[in-house]
Amino acid sequence: MDKIKLTVQERTDLGKKVKRLRASGIIPANLFGKEIKSEALQVDKKEFQKTFRQVGETGLVELAVGSKTHPVLVHRVQRDPKSDSVIHIDFHEVNLKEKIVTNVPVVLAGESPAEKSGVGLILQTLNEVEVECLPADIPHNFEVSVDKLEEVGQAIHVKDLKADKEKVAIQNDPEEVIVSVQTAEMKEEVEEEVVSPEAVEAIAEKGEGEEGEAAEGGEEKATESTEETPKE
């Protein structure tokens, strides 16, 4: 994969002043890492969106800040709970020679014969898995085909994921279920046990609202136990 480069600028507008940046199509951001001093940055909204569509939170980005370039991952993207627009970004500089632990999305592909025939319904209970690997070896995602799920009770587990074991170590329990075929009644029971969709939305909106207020007020929470992003 070609290297993805994103140019950003140093940011002097802090605290509530970042509102005018957002109004002009600029997103406030922070850069942090073990070997560097945290920096307040800003990035063009359109340029970031273009880059983020390519790399998500698992792809490496060459972040250009003035004359310096940093290998980073998009660590966290804060969104406005009403408009869903990006209001703040955290970039995490990584050591390309040092393994890290991160989450990789699991996406379903194909069509289940069980669901197509009406025998059962597909239930995905694991949306991402934790992996340990070098930054350059992080999979963009794990694609799981449901084409062979024909009967109620059939399932695909973490151990069924295809990964280069010499480069990528999956940390989840190998027996953990990713997706299975359930009856409508069984699926409803499982979903209720986990949490209702309404509760999930309420929790998400509450969290995003709090993050947005923190970003505007200049109170950034620590993103790692020993690493903190700079205050806005």
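Note that the structure is predicted; figures quoted are calculated from it, not measured.
Put simply, the side chain of P113 reaches to within 4.5 Å of the side chain of E150, judged on heavy atoms. Taking the side chain as every heavy atom from C-beta outward, I36 and E93 approach each other to under 4.5 Å. Residues L31 and H70 meet the side-chain proximity criterion, which asks for heavy atoms closer than 4.5 Å. The shortest side-chain heavy-atom distance between T125 and I178 does not fall under the 4.5 Å cut-off. Side-chain contact between L60 and I4 is absent, with no heavy-atom pair separated by less than 4.5 Å. Within the 4.5 Å cutoff, the side chain of V119 has no heavy atoms near those of the T183 side chain. Inter-residue side-chain proximity for V94 and V72 is flagged as unmet; no heavy-atom pair is nearer than 4.5 Å. Between I122 and V179, some side-chain heavy-atom pair lies under the 4.5 Å cut-off.
Atom NZ in K45 sits 10.5 Å away from atom CD1 in I89 (nearest 0.5 Å). Atom CD of Q49 sits about 9.0 Å away from atom OG of S85, to the nearest 0.5 Å. Atoms CG and NE2, from D80 and H88 in turn, are 14.5 Å apart once rounded to the nearest 0.5 Å. Summarising the geometry, atom CG belonging to L21 is positioned 13.0 Å from atom CD1 belonging to I87; distances are rounded to the nearest 0.5 Å. In this structure, OG1 on T51 lies 14.0 Å from NZ on K46, to the nearest 0.5 angstrom. The distance from the CG atom of D164 to the NZ atom of K167 is 5.5 Å, given to the nearest 0.5 Å.
Taking every heavy atom of both residues into account, T69 and E62 meet most closely at CG2-CB, 3.8 Å. Here the closest non-hydrogen pair linking R22 and P28 is NH2-CG, 3.6 Å. Summarising the geometry of T58 relative to P105, their closest heavy-atom pair is CG2-CD, 4.0 Å, with the distance given to 0.1 Å. Listed here is the closest heavy atom pair of R20 and K17: CG-O, 3.0 Å. Closest approach of V181 to S112, counting heavy atoms only: CG2-OG, 4.5 Å. Minimum interatomic distance between L126 and E176 (heavy atoms only, all atoms of both residues): CD1-OE2, 3.4 Å.
A single hydrophobic cluster is not seen to contain both I170 and V107; linkage of ILVMFWY side chains at heavy-atom distances under 4.5 Å, directly or through other members, places them apart. Hydrophobic clustering (side-chain heavy atoms under 4.5 Å, transitive across Ile, Leu, Val, Met, Phe, Trp, Tyr) groups L96 together with I138. Two different hydrophobic clusters hold L134 and V61 under the rule that ILVMFWY side chains link at heavy-atom gaps under 4.5 Å. Both V77 and F91 belong to a common hydrophobic cluster when Ile, Leu, Val, Met, Phe, Trp and Tyr are linked at side-chain heavy-atom distances under 4.5 angstrom.
A salt bridge does not link E39 to R11: none of the charged nitrogens lies less than 4.0 Å from a carboxylate oxygen.
Remark: side-chain polar atoms of E10 are not paired, donor with acceptor, to backbone N or O of G66 under 3.5 angstrom. Judged by distance alone, the side chain of Q154 and the main-chain N or O of E151 form a donor-acceptor pair under 3.5 Å.
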*Step by step, would you call Q171 with V131 a side chain to side chain contact (heavy atoms under 4.5 Å, CB included)?*
CA-CA 5 Å; Q171 305 296 295; V131 304; 5.7 Å; no
*asked:* With side chain to side chain contact (heavy atoms under 4.5 Å, CB included) as the criterion, how do V129 and V106 come out once you've worked through the C-alpha distance, each side chain's angles and the decisive distance to 0.1 Å?
replied: CA-CA 7 Å; V129 294; V106 177; 4.0 Å; yes
*Take D44 and Q9, measure what side chain to side chain contact (heavy atoms under 4.5 Å, CB included) needs, and give me the verdict at the end.*
CA-CA 9 Å; D44 180 81; Q9 293 79 39; 6.0 Å; no
*side chain to side chain contact (heavy atoms under 4.5 Å, CB included) evaluation trace for V158 with D173*: CA-CA 7 Å; V158 168; D173 182 342; over 6 Å; no
_Before you tell me yes or no, could you show the steps for H92 and F32 under ring pair (Phe, Tyr, Trp, His ring centres under 6.0 Å), namely the whole-Å CA-CA distance, both residues' side-chain angles and the distance that decides it to 0.1 Å?_
CA-CA 5 Å; H92 180 195; F32 71 97; 4.7 Å; yes
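Applying the salt bridge (Lys or Arg N to Asp or Glu O under 4.0 Å) test to every pair with at least one member in residues 126-143, sequence neighbours left out, gives no pairs at all.
Evaluation of the salt bridge (charged side-chain N to carboxylate O under 4.0 Å, His left out) rule for R53 yields no partner, not counting sequence neighbours. The side-chain contact (heavy atoms from CB on, under 4.5 Å) test applied to A155 returns H157, V177, S180, not counting sequence neighbours. By the salt bridge (charged side-chain N to carboxylate O under 4.0 Å, His left out) test, E166 pairs with no residue at all, sequence neighbours left out. Applying the ring-ring contact (aromatic ring centres under 6.0 Å, His included) rule to F142 yields no partners; only residues at least two apart in sequence or on another chain are considered. Shown here are the side-chain hydrogen bond (donor to acceptor under 3.5 Å, both in side chains) partners of T7, two or more places apart in sequence or in another chain: there are none.
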